[in-house]
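Everything below concerns the one structure shown next.
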Amino acid sequence: AQSVTQLGSHVSVSEGALVLLRCNYSSSVPPYLFWYVQYPNQGLQLLLKYTTGATLVKGINGFEAEFKKSETSFHLTKPSAHMSDAAEYFCAVSDAGNQFYFGTGTSLTVIP
Amino acid sequence: DVKVTQSSRYLVKRTGEKVFLECVQDMDHENMFWYRQDPGLGLRLIYFSYDVKMKEKGDIPEGYSVSREKKERFSLILESASTNQTSMYLCASSGSDRGKTEQYFGPGTRLTVT
């Protein structure tokens, strides 16, 4: 069975500082991994995904994530936070049956 | 542009009412999903469908049913709404590539049951 753990339900960073949102997964098969962002009162929007190939994945809005199989992690980073990055972020893992398993989310606050 | 639409953004219903939430996608996707989102709990899968007239229970199907008569449309039904079903409901769809393809989400319906 698949599961996702996001460490830290709330993260605050200063504008211009590094953003690091943590995600660990549990999967019995090679995982497909995703990060989504949700702005207030909106649906989820895909930031990036890892399926196969290069373990460092670049996404939209300057975000990237690295798949580390030995650590079962897929942490999301951005070198310099912007005010517009304030949102809720969800990590997800999927299985071959097309079902997704989401973490409980991390709310990112950017302090001016 | 890819699109998933939901029939209402905000909905207020009374306890005991039958509630219909509709979702339409224009991407010819095989898979469609209904989630509810609550603070601190993330997204929890209610039902999903991988083909017309097919449905599978998710993690929290109790109190809900679904209908998929056409490929593009997936409806969530609350047979008798209760206050504990007050939540944000999100619909999603995806293609069938054995988990590799992302899910596309609608804007959500915020349902309040009084």
Side-chain angles (χ1 to χ4, degrees), chain A residues 1-10 21-25 27-53 57 59-60 63 65 67 74 87-107, chain B residues 1-6 8-11 21 23 25 27 29-51 54-61 87-111:
Chain A
Q2 277 64 250
S3 67
V4 172
T5 302
Q6 291 183 240
L7 292 174
S9 57
H10 297 275
L21 304 182
R22 299 178 187 274
C23 173
N24 288 88
Y25 68 90
S27 176
S28 56
V29 297
Y32 303 128
L33 296 158
F34 304 79
W35 274 101
Y36 284 85
V37 61
Q38 184 181 35
Y39 298 103
N41 294 314
Q42 293 187 25
L44 277 66
Q45 177 185 355
L46 182 72
L47 273 177
L48 50 79
K49 66 178 180 180
Y50 169 80
T51 54
T52 57
V57 180
I60 62 171
F63 284 93
F67 168 57
F74 191 57
E88 185 114 23
Y89 292 80
F90 291 92
C91 182
V93 62
S94 73
D95 62 20
N98 297 302
Q99 191 170 341
F100 274 44
Y101 302 86
F102 287 87
T104 52
T106 297
S107 177
Chain B
D1 216 12
V2 159
K3 207 145 192 176
V4 179
T5 56
Q6 295 184 227
S8 304
R9 292 299 306 273
Y10 299 93
L11 210 53
L21 303 182
C23 174
Q25 51 97 0
M27 295 161 282
H29 281 164
E30 291 81 5
N31 305 311
M32 295 188 75
F33 307 82
W34 274 106
Y35 296 91
R36 66 176 280 176
Q37 181 181 13
D38 300 288
L41 298 178
L43 277 71
R44 292 181 291 167
L45 182 65
I46 305 172
Y47 269 97
F48 66 101
S49 168
Y50 52 87
D51 202 352
M54 305 301 287
K55 60 185 180 183
E56 295 283 343
K57 292 181 180 179
D59 300 318
I60 52 164
S87 186
M88 170 74 107
Y89 290 87
L90 293 166
C91 175
S93 71
S94 73
S96 186
D97 191 15
R98 301 190 67 77
K100 290 184 182 180
T101 56
E102 60 267 34
Q103 292 189 359
Y104 294 86
F105 283 82
T109 296
R110 189 166 292 281
L111 172 67

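Numbered from 1 within each chain, the chains take letters A, B, ... in sequence-line order.
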Residue pair A:Q38, B:L90: steps toward the side chain to side chain contact (heavy atoms under 4.5 Å, CB included) verdict: CA-CA 12 Å; A:Q38 184 181 35; B:L90 293 166; 4.2 Å; yes
With side chain to side chain contact (heavy atoms under 4.5 Å, CB included) as the criterion, how do A:N41 and B:R9 come out once you've worked through the C-alpha distance, each side chain's angles and the decisive distance to 0.1 Å? CA-CA 9 Å; A:N41 294 314; B:R9 292 299 306 273; 4.2 Å; yes
Check whether the ring centres of A:F102 and B:Y35 lie less than 6.0 Å apart, and answer yes or no.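 Yes, ring centres under 6.0 Å apart.
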Which atoms of B:Y10 approach chain A - backbone, side chain, both or neither, heavy atom under 4.5 Å: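 Just its side chain gets close to chain A.
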For the atom pair [atom1] ([X]) and [atom2] ([Y]), what is the distance rounded to the nearest 0.5 Å?
{"X": "B:L45", "Y": "A:F100", "atom1": "CG", "atom2": "CZ", "value": "11.5 Å"}
{"X": "B:R44", "Y": "A:T104", "atom1": "CZ", "atom2": "OG1", "value": "11.5 Å"}
{"X": "B:E102", "Y": "A:L47", "atom1": "CD", "atom2": "CG", "value": "11.5 Å"}
{"X": "A:Q42", "Y": "B:M88", "atom1": "CD", "atom2": "CE", "value": "9.0 Å"}
{"X": "B:Y104", "Y": "A:L46", "atom1": "OH", "atom2": "CG", "value": "7.5 Å"}
{"X": "A:Q99", "Y": "B:E56", "atom1": "CD", "atom2": "CD", "value": "9.0 Å"}

Under 4.5 Å from any heavy atom of chain B, what part of A:Y101 do you find: side chain, backbone, both or neither?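 Answer is neither: A:Y101 stays 4.5 Å or more from chain B.
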Shortest non-hydrogen contact between A:L44 and B:F105, atoms and distance: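 It is O-CB, 3.5 Å.
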Give the member of B:Q6, B:Q103, B:Q37 that has the highest number of heavy-atom pairs under 4.5 Å with chain A.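 The residue among B:Q6, B:Q103, B:Q37 with the greatest pair count is B:Q103.
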